[in-house]
Participant: 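Quick one: the structure is below, and I'll ask about it shortly.
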Amino acid sequence: MVQDAVFSKFPILHTKRLTLREPRLDDVNDVFAIKSDPIVTTGYCTEPYSEIDQARNWIRSLMDGYAKGESIMWFITPTNDDKVIGDCVLWHLDFQSASGELGYELNRDYWGKGLASEAASEVVKFGFSEMGLNRIEADPFYNNDSSSKLLDKLGFKLEGRLRQTLLFRGYYYDELWYGLLKEEWNTKSRQ
């Protein structure tokens, strides 16, 4: 079964500039640098971390999610450096329906270089080719233009807008719903 193979040994992915690898507890300082940045976390309507233990507990939850076969979170590192500069995840996995959800975040120092789309592209490819997924979804908030542009670049289709789904800092935010089918990805990859 595909699910057993994927969750028996953590799959390390490589792109031209990046290595996507398993989370480790010794990454806590790099993770805290990302998750404590209010500019980064506001993009997905979450308060920044204020204590390093929050980052350590989050890493443990990622490791636990992988051990249970519920999600795969890759930490993004430059090819020649082990510093964690972001993450990319396939989660909310439903192997019966062959679907999952894509998520990503990147240290602000690395924005605008195409690294998030490079990592996400490799994760989407893995989801379709190695995990047997038929559909991958993503749901950025309406105000996150960078995320919407990344999804457009990867070939995701905007399928809807859920109005005022999240209350954050006194305001209600809309959520956009994107989807990408395996056949669409295969067609785009051949072009």
Participant: Are there over 12 heavy-atom neighbours, none belonging to Tyr173, within less than 6.0 Å of that residue's OH?
Facilitator: yes
Participant: Shortest non-hydrogen contact from Pro48 to Thr41?
Facilitator: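 Scanning both residues, the minimum pair turns out to be N-OG1, 3.5 Å.
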Participant: Report the distance from atom CZ of Phe156 to atom CG of Leu176, rounding to the nearest 0.5 Å.
Facilitator: 13.5 Å
Participant: Of the non-hydrogen atoms in Arg21 and Asp82, which two are nearest, and what is the gap between them?
Facilitator: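 Nearest pair, atom of Arg21 first, then Asp82: NE-OD1, 2.9 Å.
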Participant: Using the rule that Ile, Leu, Val, Met, Phe, Trp and Tyr join whenever any side-chain heavy atoms are under 4.5 Å apart, tell me whether Tyr142 and Leu162 fall into a single cluster.
Facilitator: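 Different clusters.
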Participant: Do you know the tightest heavy-atom contact between Glu101 and Ile136?
Facilitator: C-CG2, 4.5 Å
Participant: Could you tell me which non-hydrogen atom of Leu102 sits nearest to which non-hydrogen atom of Cys88, and how far apart they are?
Facilitator: CD1-SG, 3.8 Å
Participant: Find the distance between NZ (Lys182) and OG (Ser99) and round it off to the nearest 0.5 Å.
Facilitator: 13.5 Å
Participant: Assess whether salt bridge (charged side-chain N to carboxylate O under 4.0 Å, His left out) is satisfied between Asp64 and Arg60, documenting all intermediate values.
Facilitator: CA-CA 6 Å; Asp64 189 48; Arg60 284 188 182 115; over 6 Å; no
Participant: Hey, what do you get for CD1 (Ile85) to CG (Leu18), rounding to the nearest 0.5 Å?
Facilitator: 5.5 Å
Participant: Should Phe141 and Leu167 be counted in the same cluster of Ile, Leu, Val, Met, Phe, Trp and Tyr side chains packed under 4.5 Å apart?
Facilitator: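 Not linked; separate clusters.
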Participant: Does Trp91 reach the main-chain N or O of Met73 with its side chain, forming a donor-acceptor pair under 3.5 Å?
Facilitator: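 Judged by distance alone, no pair lies under 3.5 Å.
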Participant: So do the side chains of Leu25 and Met63 get within less than 4.5 Å of each other, counting heavy atoms only?
Facilitator: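 Sidechains of Met63 and Leu25: in contact.
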Participant: Measuring from atom CG of Asn107 to atom CD1 of Ile39, what distance do you get when rounded to the nearest 0.5 angstrom?
Facilitator: 12.5 Å
Participant: Measuring from atom CG of Asn186 to atom OG of Ser129, what distance do you get when rounded to the nearest 0.5 angstrom?
Facilitator: 9.0 Å
Participant: Does a side-chain heavy-atom distance below 4.5 Å link Pro11 with Phe126?
Facilitator: yes
Participant: Are the side chains of Lys125 and Leu13 in contact, using a 4.5 Å heavy-atom criterion?
Facilitator: no
Participant: Flag the pair Asp145 and Lys149 as a salt bridge only when some basic side-chain nitrogen lies within less than 4.0 angstrom of an acidic carboxylate oxygen.
Facilitator: no
Participant: Identify whether Leu181 and Leu150 are in the same connected component of the hydrophobic contact network (ILVMFWY, side-chain heavy atoms under 4.5 Å).
Facilitator: no
Participant: Measuring only between side-chain heavy atoms, which start at C-beta, is Phe168 closer than 4.5 Å to Asn143?
Facilitator: no
Participant: Does a donor on one side chain sit under 3.5 Å from an acceptor on the other, for Glu22 and Tyr66?
Facilitator: no
Participant: Do Glu118 and Thr15 have side-chain atoms, one donor and one acceptor, less than 3.5 Å apart?
Facilitator: yes
Participant: Is it the case that over 12 heavy atoms from other parts of the model lie below 6.0 angstrom from the CZ atom of Arg163?
Facilitator: no
Participant: Using the side chain to side chain contact (heavy atoms under 4.5 Å, CB included) criterion, which residues pair with Ser147? Sequence neighbours excluded.
Facilitator: Tyr104, Pro140, Asn144, Leu151
Participant: Does the Ser36 side chain pair with the main chain of Tyr49, one donor and one acceptor, at a distance under 3.5 Å?
Facilitator: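 No, Ser36 side chain to Tyr49 backbone: no donor-acceptor pair under 3.5 Å.
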Participant: Is any side-chain heavy atom of Ile76 closer than 4.5 Å to a side-chain heavy atom of Leu115?
Facilitator: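 No, every pair of side-chain atoms sits at 4.5 Å or beyond.
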Participant: What verdict does the side-chain contact (heavy atoms from CB on, under 4.5 Å) test give for Arg169 and Thr42, after you've listed the backbone C-alpha separation in whole Å, the side-chain angles of each residue and the deciding distance to 0.1 Å?
Facilitator: CA-CA 10 Å; Arg169 296 184 181 165; Thr42 296; 3.5 Å; yes
Participant: Which heavy atom of Leu154 sits nearest a heavy atom of Ser121, and at what distance?
Facilitator: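 Nearest heavy atoms, Leu154 then Ser121: CD2-CB, 3.6 Å.
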Participant: Tell me whether Asn80 at atom CG has more than 12 heavy atoms from other residues, nucleotides or ligands lying less than 6.0 Å away.
Facilitator: no
Participant: Are the side chains of Val6 and Phe95 in contact, using a 4.5 Å heavy-atom criterion?
Facilitator: no
Participant: Could you walk me through whether Leu93 and Phe7 pass side-chain contact (heavy atoms from CB on, under 4.5 Å), step by step?
Facilitator: CA-CA 12 Å; Leu93 296 170; Phe7 288 100; 3.8 Å; yes
Participant: Between the side chains of Lys83 and Asp109, is the shortest nitrogen-to-carboxylate-oxygen separation below 4.0 Å, so that they form an ion pair?
Facilitator: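 No salt bridge links Asp109 with Lys83.
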Participant: So does Asp53 pair up with Arg56, basic N to acidic O under 4.0 Å?
Facilitator: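 Result for this pair is yes, salt bridge flagged.
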Participant: Asp174 and Gln164: which non-hydrogen atoms are nearest, and at how many Å?
Facilitator: OD1-N, 2.7 Å
Participant: Is the side chain of Ser71 donor-acceptor paired with the backbone N or O of Leu90 at a distance under 3.5 Å, no angle test?
Facilitator: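 Absent.
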Participant: I'd like to know if the side chain of Thr77 reaches the main chain of Thr19, judged simply by a donor and an acceptor atom lying under 3.5 Å from each other, with no hydrogens or angles considered.
Facilitator: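 Looks like yes, one N/O pair under 3.5 Å.
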Participant: Drop me the distance from Leu180's CG to Glu137's CD, to the nearest 0.5 angstrom.
Facilitator: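 Going from CG on Leu180 over to CD on Glu137, the span is 10.5 Å.
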Participant: Cation-pi check, Arg24 to Phe75: give yes when NZ or CZ is under 6.0 Å from the six-membered ring centre and within 45° of the ring axis, no otherwise.
Facilitator: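 No; the conditions do not both hold, so Arg24 does not lie above the ring face of Phe75.
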